[in-house]
Amino acid sequence: MMTLSKKTLWQLFSYLFIGLVTNISGYFLYFLITYFLGHPKLTMTFVYSLGALLGFLANRRFTFRHDGHIGTAGIRYLVVQLSGYLLNLLLLIVFVDYLGIAHQLVQAVAIVVVAIFLFVSLRCFVFKSNVSGCGEEGL
C-alpha cells in the first residue's frame with residue numbers, strides 16, 4: 001500500500017486549494033462567456049490559458065516552492081499544460097460532439113481528470129528539482 005509523505009500531502013492540499021479557487025472562477029467564467037457568446041471550445045481555450053498562467057505562478061511559489069530555473073520550469077510547464085489542454089479538448093470533442101453529452105457536464109468532469117494529470121506531471125516533471133524520489137516513492 002502506498003503512503004503519502006507529509007510533503008506530498010501538503011503539496012496536494014495546496015494544489016487542491018489553488019486549483020479549487022482558479023477552477024471555480026474559471027468554470028463560472030466559462031459559463032458566462034458561453035452563455036453570451038457560445039463557442040464552448042474557443043471559450044475553454046481562453047479560460048484554460050488564463051488558469052494555466054495563474055496556476056504556474058501560484059503553484060511554483062506556494063505548492064512546490066520551486067527555486068530552480070524559471071525558464072526550464074516554464075518550458076516544461078508549457079509542455080504539460082499543452083498536454084492537459086489537448087486532453088481537455090479531446091474529452092469535449094468525444095463526449096460533446098460525438099456522444100451528445102451536455103458541454104457543461106463534460107467540462108466539469110474534464111476539470112477533475114485534467115487536474116489529476118497536471119498534479120502528477122507538475123510534481124514529477126515540471127518542478128522536479130524539489131521532489132525527492134518521485135519515481136521511487138510513487139507520490
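The first residue in the sequence is number 1, and the count goes up from there.
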Identify the two heavy atoms, one from G38 and one from T43, that lie closest to each other, and give their separation to 0.1 Å.
-> O-OG1, 3.3 Å
List the steps, then state whether side-chain contact (heavy atoms from CB on, under 4.5 Å) holds for I24 with L20.
-> CA-CA 6 Å; I24 287 172; L20 212 61; 3.9 Å; yes
Once you round to the nearest 0.5 Å, how far does CG of L53 lie from CG of L78?
-> 10.0 Å
CG of L118 to OG of S83: how many Å apart, nearest 0.5 Å?
-> 9.0 Å
If you measure from CG on L87 to CG on L92, what distance do you get to the nearest 0.5 Å?
-> 10.0 Å
Hydrophobic cluster identity match, L12 and I116, side-chain contacts under 4.5 Å = no
Which residue pairs pass the side-chain hydrogen bond (donor to acceptor under 3.5 Å, both in side chains) test when at least one of the two sits in residues 104-114, sequence neighbours left out?
-> N88-Q107
In this structure, CZ of F46 is separated from CG of L42 (nearest 0.5 Å) by 10.0 Å
Do the side chains of V96 and L105 join up, straight or via other hydrophobic residues, at under 4.5 Å, putting them in one cluster?
-> yes
Tell me whether L90 is reachable from I111 by hopping between hydrophobic residues (I, L, V, M, F, W, Y) whose side-chain heavy atoms are closer than 4.5 Å.
-> yes
Can you sort out the partners of T72 under side-chain contact (heavy atoms from CB on, under 4.5 Å), two or more places apart, ordered by chain and number?
-> H69, R76
Does a side chain donor of either T63 or R123 reach within less than 3.5 Å of an acceptor in the other side chain?
-> no
Would you kindly say whether Y77 and Q81 are connected by a side-chain donor-acceptor distance under 3.5 Å?
-> yes
Check: I70 and R60 side chains under 4.5 Å, non-hydrogen atoms | yes
Can you measure from CZ (R65) to CH2 (W10) and round to the nearest 0.5 angstrom?
-> 6.0 Å
Just by distance, with hydrogens left out, do T22 and S25 show a side-chain donor and acceptor under 3.5 Å apart?
-> no
How close do A73 and H66 get, heavy atom to heavy atom, and via which atoms?
-> CB-CE1, 3.7 Å
Sub-4.5 Å side-chain heavy-atom contact between V113 and L91 = yes
Looking at V47 and G26, what are the two nearest heavy atoms and their distance?
-> CG1-O, 3.4 Å
Does a salt bridge link K41 with D97, judged by any charged N lying under 4.0 Å from a carboxylate O?
-> yes
Check whether more than 12 heavy atoms from other residues, nucleotides or ligands sit under 6.0 Å from atom CZ of F95, and answer yes or no.
-> no
Exercise: identify the closest heavy-atom pair between F125 and V80 = CD2-CG2, 3.6 Å
Test side-chain contact (heavy atoms from CB on, under 4.5 Å) applied to V79 and V126, step by step = CA-CA 9 Å; V79 169; V126 175; over 6 Å; no
Separation of F127 CZ from D67 CG (nearest 0.5 Å) = 11.5 Å
Cluster check F117, L82: I/L/V/M/F/W/Y, side chain < 4.5 angstrom | yes
Under 3.5 Å, is there a donor-acceptor pair between the side chain of Y15 and the main chain of A115?
-> yes
Taking the six-membered ring where the residue is Trp, are the ring centres of H103 and Y30 under 6.0 Å apart?
-> yes
For F31, look at atom CZ and say whether over 12 heavy atoms of other residues, nucleotides or ligands are found less than 6.0 Å away.
-> yes
How far apart are the closest heavy atoms of H39 and L37, and which atoms are they?
-> CD2-O, 2.9 Å
Hey, any chance I101 and V109 share a hydrophobic cluster, counting ILVMFWY side chains that come within less than 4.5 Å of each other, even indirectly?
-> yes
